[in-house]
Amino acid sequence: MMTKPSNRRDDAATIAKACIVAGVMGLGLGVQSSLAQDPSVIELTQTPCQFLESENDVDHGFTTAKKADCDAINAETGAERLATAKVLELKSGKYVFRVTNQNVPYELGFWLREADYKLGNPVHKLTKTSVSGGGLMTGETQDYDVMLEPGEYLYSCPLNPTPNYKLIVS
């Protein structure tokens, strides 16, 4: 029995047609639903030792030249500031956290993670949400993409030490 040689162009066209039909018929393939929702943008501004929006847009006017300055400031005022901080409440979905370094004279970053995330736990690295990055110099803005499921999260900056602000996703 002889088989006809495969024509890659015909195969690709057949696969493309099947994908289009599946999408139109709602059969999924995971493509339609993931493309349907554009991420919402959450803008956050870092000043020395704090995120402005998280602290009800109150700039405490902290001055800092290095990480240790924020460690000392937060040891003195962090608990009180967290007690009145705004809890960010979001619906589950795709988000872009757009973080700006406003007048912090050294590199910043951003870290969003599930509230019970443990940095040294290798299982958490594989099973829990954690988004982070650095390289954010004075006056720069950087985006951090994340898919959030219902639960409790924390966000902060370990390089410009800020309190661990709370985020609730429903």
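By convention here, the first residue in the shown sequence is residue 1. Remember, it's a predicted structure, so these values are computed and weren't measured experimentally.
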Straight-line distance of K86 NZ to D57 CG, nearest 0.5 Å | 5.5 Å
Rounding to 0.5 Å, atoms OG1 (T162) and CD (E55) come to a distance of 8.5 Å
Would you sort out whether L88 and I168 count as a side-chain contact (heavy atoms from CB on, under 4.5 Å), showing the intermediate values?
-> CA-CA 6 Å; L88 190 56; I168 303 294; over 6 Å; no
Quick one: does [X]'s side chain have a donor or acceptor within less than 3.5 Å of a partner on [Y]'s backbone?
{"X": "N101", "Y": "L136", "answer": "yes"}
{"X": "E107", "Y": "G135", "answer": "yes"}
{"X": "Q50", "Y": "V58", "answer": "yes"}
{"X": "H124", "Y": "K118", "answer": "yes"}

Mind checking side chain to side chain contact (heavy atoms under 4.5 Å, CB included) for S92 and listing every partner two or more places apart, or none if nothing turns up?
-> P150, V169
Could you list the residues that satisfy side chain to side chain contact (heavy atoms under 4.5 Å, CB included) with E80, not counting sequence neighbours?
-> none
Scan residues 82-158 for pairs that pass disulfide bond (SG atoms under 2.5 Å apart), counting only residues two or more places apart or in two chains.
-> none
Could you list the residues that satisfy salt bridge (Lys or Arg N to Asp or Glu O under 4.0 Å) with [X], not counting sequence neighbours?
{"X": "K128", "result": "E114, D116"}
{"X": "K66", "result": "D69"}
{"X": "R113", "result": "none"}

Output all residues satisfying disulfide (SG to SG under 2.5 Å) with C49, sequence neighbours left out; order by chain, then residue number.
-> C70
Identify the two heavy atoms, one from [X] and one from [Y], that lie closest to each other, and give their separation to 0.1 Å.
{"X": "Y144", "Y": "G133", "value": "OH-O, 3.5 Å"}
{"X": "T129", "Y": "Y117", "value": "O-CD1, 4.1 Å"}
{"X": "P161", "Y": "N74", "value": "O-ND2, 2.6 Å"}
{"X": "P158", "Y": "K67", "value": "O-CE, 3.5 Å"}

Begin with the C-alpha distance, continue with both residues' side-chain angles, and end with the deciding distance and a verdict on side-chain contact (heavy atoms from CB on, under 4.5 Å) for I73 and R81.
-> CA-CA 11 Å; I73 288 168; R81 290 170 27 226; 4.1 Å; yes
Taking the side chain as C-beta and beyond, is there a heavy-atom pair between V99 and Q142 under 4.5 Å?
-> no
Could you check if a side-chain atom of W111 sits within less than 4.5 angstrom of a side-chain atom of V131, using non-hydrogen atoms only?
-> no
Quick one: side-chain hydrogen bond (donor to acceptor under 3.5 Å, both in side chains) partners of N103, sequence neighbours excluded?
-> none
Just jot down the side-chain hydrogen bond (donor to acceptor under 3.5 Å, both in side chains) partners of T141, sequence neighbours excluded, or say none.
-> T100
Contacts satisfying ring-ring contact (aromatic ring centres under 6.0 Å, His included) that involve residues 37-61 (not counting sequence neighbours) are F51-Y155, F51-Y165, H60-F62
According to the ring-ring contact (aromatic ring centres under 6.0 Å, His included) rule, which pairs have a member within residues 90-109, sequence neighbours left out?
-> F97-F110
Is there a path from V96 to Y153 through hydrophobic residues (I, L, V, M, F, W, Y) whose side chains come within less than 4.5 Å of each other?
-> no
Path from L154 to L159 over hydrophobic side-chain contacts below 4.5 Å = no
Going through the distances and angles, do L108 and T138 end up as a side-chain contact (heavy atoms from CB on, under 4.5 Å)?
-> CA-CA 8 Å; L108 304 182; T138 307; over 6 Å; no
Trace of the side-chain contact (heavy atoms from CB on, under 4.5 Å) decision for K91 with S170 = CA-CA 5 Å; K91 299 285 185 196; S170 59; 3.9 Å; yes
Show which side-chain atoms of residues 39-48 pair as donor or acceptor with protein atoms under 3.5 Å away, not counting sequence neighbours.
residue, atom, partner, partner atom, Å
T45, OG1, E53, OE2, 2.9
Q46, OE1, N160, ND2, 3.0
Q46, NE2, G109, O, 2.7

